[in-house]
2 protein chains.
Amino acid sequence: MSAAPRTPLDRERVLVAAIELADRDGLAALSMRGLATELGVTPMALYKHVADKDDLLGGMVDAVVIGYRPPPAGLGWAAATRDRILVARDALLAHPWLRTAIERSTRRTPAVLGHMDAVARELLAGGLSVDLTHHAMHALGHRIWGFSPEAFDEGPAATGPAVEPTAEQSAMMAAMAQRYPAVAAIAAESAATGGSCDEQGEFEFTLDLLLDAFARLHQSGWSSRRRSG
Amino acid sequence: MSAAPRTPLDRERVLVAAIELADRDGLAALSMRGLATELGVTPMALYKHVADKDDLLGGMVDAVVIGYRPPPAGLGWAAATRDRILVARDALLAHPWLRTAIERSTRRTPAVLGHMDAVARELLAGGLSVDLTHHAMHALGHRIWGFSPEAFDEGPAATGPAVEPTAEQSAMMAAMAQRYPAVAAIAAESAATGGSCDEQGEFEFTLDLLLDAFARLHQSGWSSRRRSG
DNA sequence: ACCTGAACACCGTTCAAGT
DNA sequence: ACCTGAACACCGTTCAAGT
(Lines give C-alpha, C1' and ligand atoms only; values in the text may rest on other atoms or scores of the structure.)
Protein backbone atom coordinates (compact mmCIF):
# COMPACT_ATOMS: atom_id res chain seq x y z
CA MET A 1 0.00 0.00 0.00
CA SER A 2 3.02 2.31 0.15
CA ALA A 3 2.52 4.38 -2.98
CA ALA A 4 5.70 6.41 -2.78
CA PRO A 5 6.89 7.70 -6.17
CA ARG A 6 9.00 4.83 -7.50
CA THR A 7 10.82 6.45 -10.38
CA PRO A 8 11.55 10.16 -10.21
CA LEU A 9 9.68 12.15 -12.82
CA ASP A 10 11.30 12.95 -16.11
CA ARG A 11 10.19 14.95 -19.14
CA GLU A 12 8.99 11.95 -21.10
CA ARG A 13 6.81 10.65 -18.28
CA VAL A 14 5.27 14.11 -17.98
CA LEU A 15 4.58 14.33 -21.72
CA VAL A 16 3.14 10.81 -21.94
CA ALA A 17 0.82 11.48 -19.02
CA ALA A 18 -0.24 14.78 -20.56
CA ILE A 19 -1.02 13.11 -23.88
CA GLU A 20 -3.01 10.37 -22.18
CA LEU A 21 -4.97 12.92 -20.19
CA ALA A 22 -5.70 15.03 -23.28
CA ASP A 23 -6.68 11.95 -25.30
CA ARG A 24 -9.09 10.92 -22.56
CA ASP A 25 -10.58 14.20 -21.31
CA GLY A 26 -9.74 16.77 -23.97
CA LEU A 27 -7.32 19.66 -24.06
CA ALA A 28 -9.57 21.92 -21.98
CA ALA A 29 -9.25 19.47 -19.09
CA LEU A 30 -5.46 19.55 -19.22
CA SER A 31 -4.20 21.87 -16.50
CA MET A 32 -0.85 21.89 -14.78
CA ARG A 33 -2.62 21.16 -11.52
CA GLY A 34 -4.72 18.35 -12.94
CA LEU A 35 -1.73 16.78 -14.64
CA ALA A 36 0.19 16.95 -11.38
CA THR A 37 -2.46 15.14 -9.38
CA GLU A 38 -2.67 12.57 -12.19
CA LEU A 39 1.04 11.94 -11.63
CA GLY A 40 0.66 11.96 -7.84
CA VAL A 41 2.78 15.02 -7.40
CA THR A 42 2.42 18.71 -6.56
CA PRO A 43 1.93 21.12 -9.48
CA MET A 44 5.30 22.75 -8.95
CA ALA A 45 7.14 19.49 -9.43
CA LEU A 46 6.29 19.70 -13.12
CA TYR A 47 8.24 22.91 -13.54
CA LYS A 48 11.51 21.02 -13.18
CA HIS A 49 10.77 19.13 -16.41
CA VAL A 50 8.78 21.64 -18.41
CA ALA A 51 9.42 25.38 -18.63
CA ASP A 52 5.76 26.35 -18.57
CA LYS A 53 2.44 25.29 -20.03
CA ASP A 54 3.41 26.45 -23.51
CA ASP A 55 6.46 24.21 -23.35
CA LEU A 56 4.26 21.33 -22.22
CA LEU A 57 1.99 21.76 -25.23
CA GLY A 58 4.93 22.10 -27.58
CA GLY A 59 6.43 18.93 -26.15
CA MET A 60 3.19 17.03 -26.65
CA VAL A 61 3.01 18.11 -30.29
CA ASP A 62 6.64 17.21 -30.80
CA ALA A 63 6.17 13.76 -29.31
CA VAL A 64 3.44 12.99 -31.84
CA VAL A 65 4.98 14.64 -34.90
CA ILE A 66 8.29 12.89 -34.41
CA GLY A 67 6.49 9.62 -35.16
CA TYR A 68 5.27 10.58 -38.64
CA ARG A 69 6.44 7.85 -41.02
CA PRO A 70 7.99 8.95 -44.31
CA PRO A 71 6.30 8.02 -47.57
CA PRO A 72 7.33 4.84 -49.40
CA ALA A 73 10.19 5.35 -51.83
CA GLY A 74 9.54 5.87 -55.51
CA LEU A 75 6.53 8.13 -55.35
CA GLY A 76 6.39 11.27 -57.42
CA TRP A 77 6.53 14.60 -55.62
CA ALA A 78 2.76 15.09 -55.61
CA ALA A 79 1.99 11.59 -54.35
CA ALA A 80 4.74 11.82 -51.74
CA THR A 81 3.46 15.17 -50.50
CA ARG A 82 -0.06 13.80 -50.43
CA ASP A 83 1.13 10.84 -48.40
CA ARG A 84 2.93 13.00 -45.84
CA ILE A 85 -0.14 15.15 -45.41
CA LEU A 86 -2.48 12.19 -44.98
CA VAL A 87 -0.12 10.71 -42.38
CA ALA A 88 -0.36 13.98 -40.48
CA ARG A 89 -4.14 13.78 -40.82
CA ASP A 90 -4.18 10.29 -39.30
CA ALA A 91 -2.38 11.57 -36.22
CA LEU A 92 -4.89 14.37 -35.98
CA LEU A 93 -7.79 11.95 -35.99
CA ALA A 94 -6.08 9.82 -33.34
CA HIS A 95 -5.46 12.80 -31.06
CA PRO A 96 -8.39 15.23 -31.11
CA TRP A 97 -6.43 17.78 -29.06
CA LEU A 98 -3.58 17.93 -31.60
CA ARG A 99 -5.27 20.42 -33.89
CA THR A 100 -5.81 22.99 -31.17
CA ALA A 101 -2.36 22.39 -29.73
CA ILE A 102 -0.75 23.04 -33.12
CA GLU A 103 -2.81 26.17 -33.71
CA ARG A 104 -2.09 27.51 -30.25
CA SER A 105 1.56 26.60 -30.13
CA THR A 106 3.95 29.48 -30.52
CA ARG A 107 7.15 27.43 -30.57
CA ARG A 108 8.78 25.90 -33.61
CA THR A 109 10.23 22.72 -32.21
CA PRO A 110 12.63 20.45 -34.12
CA ALA A 111 9.99 17.88 -35.03
CA VAL A 112 7.61 20.58 -36.26
CA LEU A 113 10.31 22.21 -38.35
CA GLY A 114 11.26 18.76 -39.58
CA HIS A 115 7.78 18.01 -40.89
CA MET A 116 7.54 21.36 -42.64
CA ASP A 117 10.96 20.85 -44.13
CA ALA A 118 10.10 17.34 -45.31
CA VAL A 119 7.01 18.58 -47.15
CA ALA A 120 8.90 21.45 -48.76
CA ARG A 121 11.70 19.06 -49.72
CA GLU A 122 9.26 16.85 -51.63
CA LEU A 123 8.21 19.81 -53.75
CA LEU A 124 11.76 20.96 -54.41
CA ALA A 125 12.81 17.40 -55.23
CA GLY A 126 10.00 17.34 -57.78
CA GLY A 127 11.65 20.21 -59.56
CA LEU A 128 9.37 23.01 -58.41
CA SER A 129 11.17 26.33 -58.06
CA VAL A 130 11.81 27.77 -54.62
CA ASP A 131 9.22 30.46 -55.27
CA LEU A 132 6.58 28.04 -56.40
CA THR A 133 7.31 25.81 -53.42
CA HIS A 134 6.95 28.84 -51.18
CA HIS A 135 3.53 29.61 -52.64
CA ALA A 136 2.49 25.98 -52.36
CA MET A 137 3.41 25.84 -48.68
CA HIS A 138 1.30 28.90 -48.00
CA ALA A 139 -1.59 27.60 -50.10
CA LEU A 140 -1.55 24.27 -48.30
CA GLY A 141 -1.65 26.13 -45.01
CA HIS A 142 -2.86 24.01 -42.15
CA ARG A 143 -3.44 21.20 -44.59
CA ILE A 144 0.26 20.50 -44.05
CA TRP A 145 -0.83 19.36 -40.59
CA GLY A 146 -3.76 17.36 -41.86
CA PHE A 147 -6.62 19.68 -41.20
CA SER A 148 -8.65 22.11 -43.19
CA PRO A 149 -9.92 25.20 -41.44
CA GLU A 150 -13.64 24.61 -41.17
CA ALA A 151 -14.85 28.17 -41.46
CA PHE A 152 -17.92 26.94 -43.24
CA ASP A 153 -20.40 24.81 -41.40
CA GLU A 154 -23.65 23.89 -42.97
CA GLY A 155 -25.66 24.62 -39.90
CA PRO A 156 -28.22 22.32 -38.26
CA ALA A 157 -28.58 19.89 -41.15
CA ALA A 158 -28.01 16.44 -39.75
CA THR A 159 -29.14 15.92 -36.19
CA GLY A 160 -29.99 12.28 -36.81
CA PRO A 161 -30.43 9.85 -39.70
CA ALA A 162 -34.18 9.54 -40.20
CA VAL A 163 -35.68 11.19 -37.15
CA GLU A 164 -38.92 13.02 -37.81
CA PRO A 165 -38.28 16.68 -37.01
CA THR A 166 -40.55 18.36 -34.47
CA ALA A 167 -42.85 21.13 -35.66
CA GLU A 168 -40.61 23.64 -33.92
CA GLN A 169 -37.54 22.32 -35.71
CA SER A 170 -39.29 22.37 -39.05
CA ALA A 171 -40.37 25.95 -38.50
CA MET A 172 -36.83 26.95 -37.65
CA MET A 173 -35.45 25.20 -40.71
CA ALA A 174 -37.99 26.99 -42.88
CA ALA A 175 -37.06 30.34 -41.36
CA MET A 176 -33.37 29.55 -41.91
CA ALA A 177 -34.01 28.66 -45.52
CA GLN A 178 -35.68 32.03 -46.04
CA ARG A 179 -32.92 34.10 -44.48
CA TYR A 180 -29.94 32.02 -45.62
CA PRO A 181 -31.06 30.40 -48.86
CA ALA A 182 -27.60 29.52 -50.18
CA VAL A 183 -26.43 27.83 -46.98
CA ALA A 184 -29.78 26.08 -46.72
CA ALA A 185 -29.50 24.81 -50.30
CA ILE A 186 -26.08 23.33 -49.60
CA ALA A 187 -27.27 21.76 -46.37
CA ALA A 188 -30.31 20.27 -48.11
CA GLU A 189 -28.26 18.81 -50.97
CA SER A 190 -25.73 17.49 -48.50
CA ALA A 191 -28.45 15.81 -46.46
CA ALA A 192 -30.12 14.38 -49.57
CA THR A 193 -26.96 12.73 -50.86
CA GLY A 194 -26.30 10.83 -47.66
CA GLY A 195 -26.37 12.54 -44.31
CA SER A 196 -23.99 15.22 -43.22
CA CYS A 197 -20.89 16.51 -44.91
CA ASP A 198 -18.06 14.15 -45.78
CA GLU A 199 -15.21 15.94 -44.07
CA GLN A 200 -12.52 13.54 -45.24
CA GLY A 201 -13.80 13.80 -48.79
CA GLU A 202 -13.70 17.59 -48.68
CA PHE A 203 -10.18 17.49 -47.29
CA GLU A 204 -8.91 15.26 -50.08
CA PHE A 205 -10.83 17.18 -52.73
CA THR A 206 -9.14 20.45 -51.85
CA LEU A 207 -5.77 18.81 -51.31
CA ASP A 208 -5.85 17.26 -54.77
CA LEU A 209 -7.11 20.47 -56.30
CA LEU A 210 -4.14 22.33 -54.84
CA LEU A 211 -1.61 19.68 -55.82
CA ASP A 212 -3.03 19.66 -59.36
CA ALA A 213 -2.89 23.43 -59.56
CA PHE A 214 0.76 23.50 -58.57
CA ALA A 215 1.61 20.66 -60.92
CA ARG A 216 0.03 22.65 -63.73
CA LEU A 217 1.89 25.83 -62.81
CA HIS A 218 5.10 23.84 -62.65
CA GLN A 219 4.55 22.25 -66.06
CA SER A 220 3.75 25.59 -67.64
CA GLY A 221 7.14 26.85 -66.59
CA TRP A 222 5.97 29.12 -63.78
CA SER A 223 9.01 29.87 -61.72
CA SER A 224 9.12 33.38 -60.38
CA ARG A 225 6.70 35.92 -59.08
CA ARG A 226 5.93 39.41 -60.25
CA ARG A 227 9.42 40.67 -59.44
CA SER A 228 10.33 39.43 -62.91
CA GLY A 229 7.74 41.75 -64.44
CA MET B 1 -16.91 64.85 -9.37
CA SER B 2 -19.96 62.66 -8.89
CA ALA B 3 -19.26 59.85 -11.34
CA ALA B 4 -22.45 57.90 -10.86
CA PRO B 5 -23.38 55.72 -13.85
CA ARG B 6 -25.30 58.14 -16.08
CA THR B 7 -26.91 55.77 -18.54
CA PRO B 8 -27.69 52.22 -17.43
CA LEU B 9 -25.63 49.62 -19.25
CA ASP B 10 -27.01 47.95 -22.32
CA ARG B 11 -25.71 45.23 -24.62
CA GLU B 12 -24.35 47.61 -27.21
CA ARG B 13 -22.36 49.64 -24.68
CA VAL B 14 -20.88 46.41 -23.36
CA LEU B 15 -19.90 45.21 -26.85
CA VAL B 16 -18.44 48.56 -27.90
CA ALA B 17 -16.34 48.72 -24.75
CA ALA B 18 -15.19 45.13 -25.26
CA ILE B 19 -14.15 45.86 -28.85
CA GLU B 20 -12.27 48.98 -27.79
CA LEU B 21 -10.49 47.09 -25.06
CA ALA B 22 -9.55 44.24 -27.39
CA ASP B 23 -8.39 46.66 -30.10
CA ARG B 24 -6.19 48.43 -27.57
CA ASP B 25 -4.82 45.63 -25.38
CA GLY B 26 -5.48 42.43 -27.30
CA LEU B 27 -7.91 39.59 -26.77
CA ALA B 28 -5.83 38.01 -24.02
CA ALA B 29 -6.35 41.12 -21.92
CA LEU B 30 -10.13 40.97 -22.31
CA SER B 31 -11.60 39.45 -19.16
CA MET B 32 -15.07 39.85 -17.74
CA ARG B 33 -13.52 41.44 -14.70
CA GLY B 34 -11.31 43.82 -16.67
CA LEU B 35 -14.16 44.84 -18.92
CA ALA B 36 -16.33 45.51 -15.89
CA THR B 37 -13.81 47.84 -14.27
CA GLU B 38 -13.38 49.56 -17.65
CA LEU B 39 -17.11 50.25 -17.54
CA GLY B 40 -17.01 51.27 -13.87
CA VAL B 41 -19.18 48.40 -12.77
CA THR B 42 -18.90 45.08 -10.95
CA PRO B 43 -18.23 41.99 -13.07
CA MET B 44 -21.64 40.52 -12.38
CA ALA B 45 -23.43 43.53 -13.83
CA LEU B 46 -22.30 42.32 -17.26
CA TYR B 47 -24.23 39.10 -16.94
CA LYS B 48 -27.51 40.98 -17.33
CA HIS B 49 -26.53 41.92 -20.89
CA VAL B 50 -24.42 39.00 -21.98
CA ALA B 51 -25.06 35.34 -21.25
CA ASP B 52 -21.40 34.46 -20.65
CA LYS B 53 -17.98 35.13 -22.13
CA ASP B 54 -18.71 33.08 -25.22
CA ASP B 55 -21.74 35.23 -25.88
CA LEU B 56 -19.62 38.34 -25.41
CA LEU B 57 -17.12 37.13 -28.02
CA GLY B 58 -19.89 36.16 -30.42
CA GLY B 59 -21.46 39.57 -30.00
CA MET B 60 -18.17 41.29 -30.75
CA VAL B 61 -17.73 39.28 -33.94
CA ASP B 62 -21.31 39.98 -34.95
CA ALA B 63 -20.92 43.71 -34.40
CA VAL B 64 -17.99 43.79 -36.82
CA VAL B 65 -19.31 41.37 -39.44
CA ILE B 66 -22.63 43.17 -39.69
CA GLY B 67 -20.75 46.14 -41.13
CA TYR B 68 -19.27 44.31 -44.15
CA ARG B 69 -20.23 46.29 -47.25
CA PRO B 70 -21.57 44.32 -50.22
CA PRO B 71 -19.61 44.37 -53.49
CA PRO B 72 -20.49 46.94 -56.16
CA ALA B 73 -23.19 45.79 -58.58
CA GLY B 74 -22.27 44.32 -61.92
CA LEU B 75 -19.30 42.20 -60.94
CA GLY B 76 -19.04 38.60 -62.09
CA TRP B 77 -19.34 35.88 -59.48
CA ALA B 78 -15.59 35.45 -59.07
CA ALA B 79 -14.89 39.16 -58.73
CA ALA B 80 -17.82 39.62 -56.36
CA THR B 81 -16.65 36.72 -54.19
CA ARG B 82 -13.14 38.10 -54.23
CA ASP B 83 -14.43 41.48 -53.15
CA ARG B 84 -16.45 40.07 -50.25
CA ILE B 85 -13.43 38.14 -49.03
CA LEU B 86 -11.11 41.13 -49.24
CA VAL B 87 -13.64 43.22 -47.31
CA ALA B 88 -13.56 40.58 -44.60
CA ARG B 89 -9.79 40.72 -44.68
CA ASP B 90 -9.81 44.49 -44.16
CA ALA B 91 -11.86 44.06 -40.99
CA LEU B 92 -9.39 41.45 -39.83
CA LEU B 93 -6.48 43.81 -40.28
CA ALA B 94 -8.36 46.56 -38.44
CA HIS B 95 -9.18 44.28 -35.48
CA PRO B 96 -6.26 41.97 -34.66
CA TRP B 97 -8.39 40.05 -32.16
CA LEU B 98 -11.05 39.20 -34.75
CA ARG B 99 -9.24 36.21 -36.18
CA THR B 100 -8.90 34.45 -32.83
CA ALA B 101 -12.45 35.37 -31.86
CA ILE B 102 -13.81 33.82 -35.06
CA GLU B 103 -11.74 30.68 -34.63
CA ARG B 104 -12.72 30.30 -31.00
CA SER B 105 -16.37 31.17 -31.41
CA THR B 106 -18.76 28.26 -31.18
CA ARG B 107 -21.93 30.19 -32.03
CA ARG B 108 -23.34 30.83 -35.48
CA THR B 109 -24.82 34.25 -35.07
CA PRO B 110 -27.06 35.91 -37.69
CA ALA B 111 -24.33 38.17 -39.06
CA VAL B 112 -21.90 35.26 -39.34
CA LEU B 113 -24.44 33.10 -41.14
CA GLY B 114 -25.28 36.09 -43.29
CA HIS B 115 -21.71 36.51 -44.51
CA MET B 116 -21.36 32.80 -45.27
CA ASP B 117 -24.65 32.88 -47.11
CA ALA B 118 -23.68 35.95 -49.09
CA VAL B 119 -20.48 34.30 -50.31
CA ALA B 120 -22.28 31.08 -51.23
CA ARG B 121 -24.97 33.10 -53.00
CA GLU B 122 -22.38 34.75 -55.25
CA LEU B 123 -21.21 31.34 -56.42
CA LEU B 124 -24.71 30.02 -57.01
CA ALA B 125 -25.66 33.23 -58.82
CA GLY B 126 -22.68 32.64 -61.08
CA GLY B 127 -24.22 29.36 -62.13
CA LEU B 128 -22.04 27.00 -60.12
CA SER B 129 -23.90 23.87 -59.04
CA VAL B 130 -24.81 23.40 -55.40
CA ASP B 131 -22.19 20.64 -55.13
CA LEU B 132 -19.45 22.72 -56.67
CA THR B 133 -20.38 25.65 -54.44
CA HIS B 134 -20.22 23.34 -51.45
CA HIS B 135 -16.70 22.23 -52.40
CA ALA B 136 -15.66 25.81 -53.02
CA MET B 137 -16.84 26.92 -49.59
CA HIS B 138 -14.80 24.17 -47.97
CA ALA B 139 -11.77 24.89 -50.12
CA LEU B 140 -11.91 28.58 -49.27
CA GLY B 141 -12.06 27.67 -45.60
CA HIS B 142 -11.05 30.50 -43.34
CA ARG B 143 -10.26 32.57 -46.39
CA ILE B 144 -13.98 33.35 -46.32
CA TRP B 145 -13.14 35.38 -43.22
CA GLY B 146 -10.11 36.99 -44.77
CA PHE B 147 -7.32 34.96 -43.30
CA SER B 148 -5.17 32.12 -44.41
CA PRO B 149 -4.06 29.61 -41.81
CA GLU B 150 -0.38 30.30 -41.42
CA ALA B 151 0.81 26.81 -40.69
CA PHE B 152 4.03 27.53 -42.51
CA ASP B 153 6.38 30.11 -41.10
CA GLU B 154 9.75 30.61 -42.59
CA GLY B 155 11.50 30.73 -39.28
CA PRO B 156 13.92 33.38 -38.10
CA ALA B 157 14.60 34.97 -41.47
CA ALA B 158 13.91 38.66 -41.08
CA THR B 159 14.70 40.08 -37.66
CA GLY B 160 15.63 43.47 -39.10
CA PRO B 161 16.31 45.09 -42.45
CA ALA B 162 20.10 45.30 -42.74
CA VAL B 163 21.38 44.49 -39.28
CA GLU B 164 24.65 42.62 -39.21
CA PRO B 165 23.94 39.23 -37.57
CA THR B 166 26.02 38.26 -34.57
CA ALA B 167 28.36 35.31 -34.85
CA GLU B 168 26.01 33.32 -32.67
CA GLN B 169 23.07 34.09 -34.95
CA SER B 170 25.05 33.20 -38.06
CA ALA B 171 26.07 29.89 -36.52
CA MET B 172 22.45 29.12 -35.69
CA MET B 173 21.32 30.00 -39.20
CA ALA B 174 24.00 27.73 -40.64
CA ALA B 175 22.93 24.88 -38.39
CA MET B 176 19.31 25.48 -39.37
CA ALA B 177 20.21 25.41 -43.04
CA GLN B 178 21.88 22.04 -42.54
CA ARG B 179 18.98 20.45 -40.68
CA TYR B 180 16.13 22.10 -42.55
CA PRO B 181 17.50 22.82 -46.04
CA ALA B 182 14.16 23.29 -47.77
CA VAL B 183 12.77 25.74 -45.23
CA ALA B 184 16.10 27.54 -45.21
CA ALA B 185 16.11 27.81 -48.99
CA ILE B 186 12.66 29.38 -48.97
CA ALA B 187 13.62 31.77 -46.18
CA ALA B 188 16.79 32.76 -48.03
CA GLU B 189 14.97 33.41 -51.31
CA SER B 190 12.28 35.30 -49.49
CA ALA B 191 14.87 37.50 -47.77
CA ALA B 192 16.76 38.05 -51.01
CA THR B 193 13.72 39.28 -52.91
CA GLY B 194 12.87 41.96 -50.40
CA GLY B 195 12.66 41.22 -46.72
CA SER B 196 10.18 38.90 -45.12
CA CYS B 197 7.22 37.16 -46.64
CA ASP B 198 4.47 39.18 -48.32
CA GLU B 199 1.47 37.89 -46.42
CA GLN B 200 -1.09 39.86 -48.38
CA GLY B 201 0.45 38.68 -51.62
CA GLU B 202 0.31 35.05 -50.53
CA PHE B 203 -3.30 35.48 -49.48
CA GLU B 204 -4.34 36.87 -52.84
CA PHE B 205 -2.26 34.35 -54.73
CA THR B 206 -4.04 31.40 -53.15
CA LEU B 207 -7.43 33.09 -53.30
CA ASP B 208 -7.07 33.68 -57.04
CA LEU B 209 -5.73 30.18 -57.55
CA LEU B 210 -8.82 28.74 -55.88
CA LEU B 211 -11.25 31.01 -57.72
CA ASP B 212 -9.58 30.10 -61.02
CA ALA B 213 -9.73 26.41 -60.22
CA PHE B 214 -13.45 26.55 -59.51
CA ALA B 215 -14.11 28.66 -62.58
CA ARG B 216 -12.33 26.03 -64.65
CA LEU B 217 -14.29 23.19 -63.05
CA HIS B 218 -17.50 25.12 -63.67
CA GLN B 219 -16.66 25.75 -67.32
CA SER B 220 -15.78 22.13 -67.90
CA GLY B 221 -19.26 21.14 -66.81
CA TRP B 222 -18.35 19.71 -63.42
CA SER B 223 -21.55 19.52 -61.47
CA SER B 224 -21.83 16.48 -59.27
CA ARG B 225 -19.55 14.39 -57.17
CA ARG B 226 -18.70 10.73 -57.38
CA ARG B 227 -22.23 9.64 -56.47
CA SER B 228 -22.96 9.96 -60.19
CA GLY B 229 -20.30 7.32 -60.91
C1' DA C 1 18.80 16.77 -7.43
C1' DC C 2 14.16 16.67 -6.89
C1' DC C 3 10.06 17.82 -4.66
C1' DT C 4 6.82 20.51 -1.30
C1' DG C 5 4.03 24.44 1.25
C1' DA C 6 2.39 28.56 1.19
C1' DA C 7 1.34 32.33 -1.32
C1' DC C 8 0.38 35.72 -5.29
C1' DA C 9 -2.31 37.43 -8.72
C1' DC C 10 -5.48 36.22 -11.35
C1' DC C 11 -9.91 33.72 -13.81
C1' DG C 12 -15.54 32.80 -14.99
C1' DT C 13 -19.72 32.31 -12.70
C1' DT C 14 -23.65 31.67 -9.04
C1' DC C 15 -26.68 33.20 -5.55
C1' DA C 16 -28.87 35.94 -2.38
C1' DA C 17 -29.33 40.51 -1.25
C1' DG C 18 -29.71 45.47 -1.93
C1' DT C 19 -31.86 49.90 -4.14
C1' DA D 1 -35.16 46.56 -13.36
C1' DC D 2 -30.56 46.85 -12.59
C1' DC D 3 -26.62 46.36 -9.88
C1' DT D 4 -23.63 44.70 -5.71
C1' DG D 5 -21.05 41.67 -2.00
C1' DA D 6 -19.46 37.69 -0.84
C1' DA D 7 -18.26 33.40 -2.16
C1' DC D 8 -17.06 29.08 -4.99
C1' DA D 9 -14.14 26.54 -7.66
C1' DC D 10 -10.79 27.05 -10.30
C1' DC D 11 -6.20 28.83 -13.01
C1' DG D 12 -0.45 29.44 -13.99
C1' DT D 13 3.56 30.57 -11.64
C1' DT D 14 7.22 32.20 -8.01
C1' DC D 15 9.97 31.67 -4.02
C1' DA D 16 11.93 29.89 -0.11
C1' DA D 17 12.27 25.78 2.22
C1' DG D 18 12.64 20.87 2.92
C1' DT D 19 14.89 16.01 2.14
Side-chain angles (χ1 to χ4, degrees), chain A residues 2-22 24-62 97 100-107 109, chain B residues 1-22 24-62 97 100-101 103-107 109:
Chain A
S2 67
R6 306 152 195 268
T7 51
L9 234 42
D10 64 357
R11 183 168 232 260
E12 198 185 319
R13 282 223 302 140
V14 171
L15 294 180
V16 167
I19 289 172
E20 277 175 7
L21 203 159
R24 180 164 26 89
D25 301 333
L27 197 59
L30 176 68
S31 67
M32 297 299 278
R33 294 170 113 107
L35 178 59
T37 62
E38 185 90 357
L39 283 163
V41 111
T42 52
M44 314 77 204
L46 301 177
Y47 285 86
K48 283 282 144 178
H49 307 102
V50 129
D52 50 24
K53 199 177 178 185
D54 227 54
D55 186 37
L56 175 71
L57 251 58
M60 291 166 68
V61 172
D62 234 42
W97 51 269
T100 313
I102 288 172
E103 283 177 309
R104 188 174 306 172
S105 178
T106 160
R107 316 205 183 207
T109 59
Chain B
M1 290 278 190
S2 65
R6 306 153 195 268
T7 51
L9 232 44
D10 64 358
R11 184 169 230 260
E12 198 186 318
R13 281 224 302 140
V14 170
L15 294 181
V16 167
I19 289 174
E20 277 175 9
L21 203 160
R24 180 165 26 91
D25 301 332
L27 198 58
L30 176 67
S31 66
M32 297 298 279
R33 296 170 112 107
L35 178 58
T37 62
E38 185 90 359
L39 284 162
V41 113
T42 51
M44 313 79 204
L46 300 176
Y47 286 85
K48 282 281 143 179
H49 307 101
V50 129
D52 50 23
K53 198 177 180 184
D54 228 54
D55 186 38
L56 175 70
L57 251 58
M60 290 165 68
V61 172
D62 235 42
W97 51 269
T100 313
E103 283 177 308
R104 188 174 306 172
S105 178
T106 161
R107 312 197 191 214
T109 59

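None of the values given here were measured: they were computed from a predicted structure. First the proteins, then the strands, lettered A, B, ... as listed; each starts at 1. Reckoned from all heavy atoms, side chains included, excluding hydrogens, waters and symmetry mates.
Among residues two or more places apart in sequence or in another chain, the side chain to side chain contact (heavy atoms under 4.5 Å, CB included) test is passed with A/L30 by A/A18, A/L21, A/L27, A/L35, A/L56, A/L57, A/M60. Among residues two or more places apart in sequence or in another chain, the salt bridge (Lys or Arg N to Asp or Glu O under 4.0 Å) test is passed with B/E20 by none. Applying the side-chain hydrogen bond (donor to acceptor under 3.5 Å, both in side chains) criterion to A/T109, with sequence neighbours excluded, gives A/D62. Applying the side chain to side chain contact (heavy atoms under 4.5 Å, CB included) test to A/D55 and every residue at least two apart in sequence or in another chain returns A/R11, A/V50, A/A51, A/D52, A/R107.
Across C/dA9 and D/dC10, the matching P atoms stand 22 Å from one another, rounded to whole Å. Atom C1' of C/dC2 sits at a distance of 13 Å from the matching atom of D/dA17, rounded to the whole Å.
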**Item:** Dot-bracket encoding per residue of DNA chain C, Watson-Crick/G-U cut-off under 3.5 Å, | denoting interstrand
**Value:** ||.|||||...|||||.||
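For the atom pair CD (A/E103) and CZ (B/R104), the distance works out to 11.0 Å, reported to the nearest 0.5 Å. Note that NE2 of B/H49 and CD of B/E12 are 12.0 Å apart. Values are rounded to the nearest 0.5 Å.
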**Prompt:** When every nucleotide of nucleotides 4-15 of chain C is labelled 5' to 3' by its protein contacts under 4.0 Å (heavy atoms), B for base, S for sugar-phosphate only, - for none, what sequence of letters results?
**Reply:** BBB----BBBB-
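With contacts defined as side-chain heavy-atom distances shorter than 4.5 Å, the pair A/D10/A/R13 qualifies.
For residues 26-48 of chain B, every residue pair satisfying the side chain to side chain donor-acceptor pair (under 3.5 Å) rule, not counting sequence neighbours, is listed here: B/R24-B/E38.
Of all heavy-atom pairs spanning B/L39 and B/A17, the tightest one is CD2-CB, 3.7 Å. Between B/G58 and B/S105, the closest heavy-atom pair is CA-OG, 4.4 Å.
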Between the protein and nucleotides 17-19 of chain C, list the N/O to N/O atom pairs that are separated by less than 3.5 angstrom.
none

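A sub-4.0 Å separation between OP1 or OP2 of C/dC2 and a side-chain N or O of A/H49 is absent.
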